[in-house]
Amino acid sequence: MNNNLYSQSGPWQLLTASMGQLKKYKYEVAVISTSATEAHNQHLPEGQDVLHTSYVANEVARIAFEQTQSVIALPIIPFGVDCNLMAFPLTVHISQDTLNLVLLDIIKSLMSHGIRKIVILNGHGGNDFGPFVRQTQCDLDVHLFVCHWWKVAMDCYDQIFDRPDDHAGQMETSVGLELFPDLIELDTAGDGIARKYRFEALEKGWAKTSRDFGKVNPNCACGDPNGATAEKGRQYLDIAVGRIAEFLIQLANEPIDADFPHEK
Ligand SMILES: [Zn+2]
């Protein structure tokens, strides 16, 4: 397995950098990645979100660091909001409030080291940082940005994939096949067909609720993994990584002035 938690280590990765390396650079931008440890159909590892999001975080930090010498990725937070997946074995849930408090302490730590541009790179749909970012930017002299990495290339989705994916379907399986094929048990995959709602408002999507995945199907999946290939995963990852890395480079090069992040 390509261990993407620390492959290609360097001064862009706090998990593996030495103090001697860190002291050589003035870091402008930090990437905090968030995820979850939870069921993904029968065939993907529980650490799916941890593994793919770690890969993206480390890759975008590496590419941006090579251009700027001022971007660093922190170790990923491996647990997320998962109270609606407790029907499945060994799901670990931490509340959004807890997650926010952990993030707040990390952000304050980074600020004390002079970093005021921070990207929250999220890899789990159940985590929601919008209100936290709004409040924290009012309370502290810091600029926060949230990026749900799997949404970054959605405009290219239909050129790569032929089935939609909400959870553990063709896209997530393709990404897994590209990044950690040894952990994928494709022959055990369920169909991922989600039970419909009884209300049109929920089916149409103009009223929302939170799904209890235990009621969706027995596989903890929303999306058909059939047709997944490593090639499709690589195509999607390359677009997403390229775009996020470019954003980090722009952030690192842009000084914080009175109008930041708006145009002057
Ligand atoms: Zn996932």
Side-chain angles (χ1 to χ4, degrees), residues 1-2 4 35-56 59 80-82 84-85 87-88 91 121-128 147-244:
M1 186 181 92
N2 168 20
N4 55 47
S35 60
T37 300
E38 60 175 22
H40 280 77
N41 204 326
Q42 309 284 342
H43 64 294
L44 299 176
E46 296 282 315
Q48 172 84 11
D49 293 355
V50 178
L51 294 167
H52 60 47
T53 308
S54 294
Y55 170 82
V56 172
E59 270 300 279
V81 179
D82 258 327
N84 56 333
L85 276 77
F88 301 99
T91 301
L121 186 76
N122 181 47
H124 168 55
N127 299 336
D128 180 1
C147 174
H148 305 288
W149 82 259
W150 76 95
K151 294 184 179 177
V152 167
M154 275 298 164
D155 55 316
C156 304
Y157 189 94
D158 291 342
Q159 295 159 33
I160 301 170
F161 304 104
D162 52 31
R163 291 156 207 243
D165 185 4
D166 194 7
H167 179 69
Q170 193 181 90
M171 176 193 173
E172 272 209 277
T173 301
S174 295
V175 167
L177 286 170
E178 170 62 11
L179 296 179
F180 35 86
D182 297 355
L183 300 181
I184 314 283
E185 299 170 344
L186 209 48
D187 53 338
T188 68
D191 60 25
I193 296 172
R195 185 186 289 171
K196 285 191 186 315
Y197 290 112
R198 65 184 68 176
F199 302 108
E200 188 183 317
L202 297 177
E203 278 299 310
K204 290 251 161 89
W206 53 262
K208 299 272 187 199
T209 185
S210 173
R211 287 171 298 188
D212 178 344
F213 270 75
K215 296 178 183 175
V216 171
N217 59 39
N219 296 319
C220 196
C222 281
D224 184 354
N226 278 304
T229 65
E231 169 65 22
K232 290 176 182 167
R234 173 48 55 195
Q235 283 180 41
Y236 195 84
L237 283 164
D238 281 349
I239 300 169
V241 164
R243 289 177 178 179
I244 299 166

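Put simply, the side chain of Asn41 never gets that close to the backbone of Leu44: no donor and acceptor are under 3.5 Å apart. In this structure a side-chain-to-backbone donor-acceptor pair under 3.5 Å is missing from His40 to Cys220. In terms of modelled atom types and a separation under 3.5 Å, the side chain of Ser174 and the main chain of Thr229 share a donor-acceptor contact. Listed for the Gln235 side chain is no donor-acceptor partner under 3.5 Å among the backbone atoms of Ile160. Looking at Thr91, its side chain does come within 3.5 Å of a backbone N or O of Phe88 through a donor-acceptor pair. Tyr157 contributes a side-chain N or O that, together with a main-chain N or O of Asp165, makes up a donor-acceptor pair within less than 3.5 Å.
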Worksheet item: Going through the distances and angles, do Lys232 and Phe161 end up as a side chain to side chain contact (heavy atoms under 4.5 Å, CB included)?
Response: CA-CA 7 Å; Lys232 290 176 182 167; Phe161 304 104; 3.7 Å; yes

Practice prompt. Take Glu178 and Tyr55 through the test side chain to side chain contact (heavy atoms under 4.5 Å, CB included) and record every step on the way to the result.
Written response: CA-CA 11 Å; Glu178 170 62 11; Tyr55 170 82; over 6 Å; no

Practice prompt. Could you give me the CA-CA distance, side-chain angles and deciding distance for Asn219 and Ile193, then say whether side chain to side chain contact (heavy atoms under 4.5 Å, CB included) is met?
Written response: CA-CA 9 Å; Asn219 296 319; Ile193 296 172; over 6 Å; no

Worksheet item: Can you list the steps and then say if Asp155 with Arg243 is a salt bridge (charged side-chain N to carboxylate O under 4.0 Å, His left out)?
Response: CA-CA 12 Å; Asp155 55 316; Arg243 289 177 178 179; 2.8 Å; yes

Discussion item. Evaluate Glu231 against Leu177 for side chain to side chain contact (heavy atoms under 4.5 Å, CB included), listing each step before the verdict.
Written reply: CA-CA 9 Å; Glu231 169 65 22; Leu177 286 170; over 6 Å; no

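The heavy-atom pair separating Gly123 from Thr53 by the smallest distance is CA-OG1, 3.2 Å. Between Ala39 and Leu85 the shortest heavy-atom distance is O-CD2, 4.0 Å. Minimum interatomic distance between Phe180 and Gln48 (heavy atoms only, all atoms of both residues): CE1-OE1, 3.3 Å. A pairwise comparison of heavy atoms in Gly126 and Val81 identifies O-CB, 3.4 Å as the closest pair. Smallest separation of non-hydrogen atoms from Pro225 and Ala168: CB-O, 4.2 Å.
Inter-residue side-chain proximity for Leu202 and Thr209 is flagged as met; some heavy-atom pair is nearer than 4.5 Å. Between Leu51 and Leu183, some side-chain heavy-atom pair lies under the 4.5 Å cut-off. Residues Leu121 and His148 form no side-chain contact, since every pair of their non-hydrogen atoms from C-beta on lies 4.5 Å or further apart. Looking at Pro45 and Ile184, their side chains come closer than 4.5 Å, going by heavy atoms from C-beta outward. Between Asn217 and Arg195, the closest side-chain pair of non-hydrogen atoms is not below 4.5 Å. Residues Trp149 and Leu237 form a side-chain contact, since some pair of their non-hydrogen atoms from C-beta on lies under 4.5 Å apart. The shortest side-chain heavy-atom distance between Tyr236 and Cys156 does not fall under the 4.5 Å cut-off. Side-chain contact between Gln42 and Glu185 is absent, with no heavy-atom pair separated by less than 4.5 Å.
Inspection of the Asn127 and Asn122 side chains reveals an N or O donor paired with an N or O acceptor under 3.5 Å. Side chain to side chain, Asp224 and Gln170 fail the donor-acceptor criterion of an N or O pair below 3.5 Å.
Of the candidates Arg198, Lys196, Lys204, Glu200 forms a salt bridge (Lys or Arg N to Asp or Glu O under 4.0 Å) with just one, namely Lys204.
Under the 6.0 Å cut-off for aromatic ring centres, His52 and Trp150 do not qualify, their centroids lying 6.0 Å or more apart.
Note that CG of Asp162 is 13.0 Å distant from CD of Gln159, once rounded to the nearest 0.5 Å.
Relative ring orientation between Phe213 and His167 is described as perpendicular, the plane-to-plane angle rising above 60° on a 0-90° scale split at 30° and 60°.
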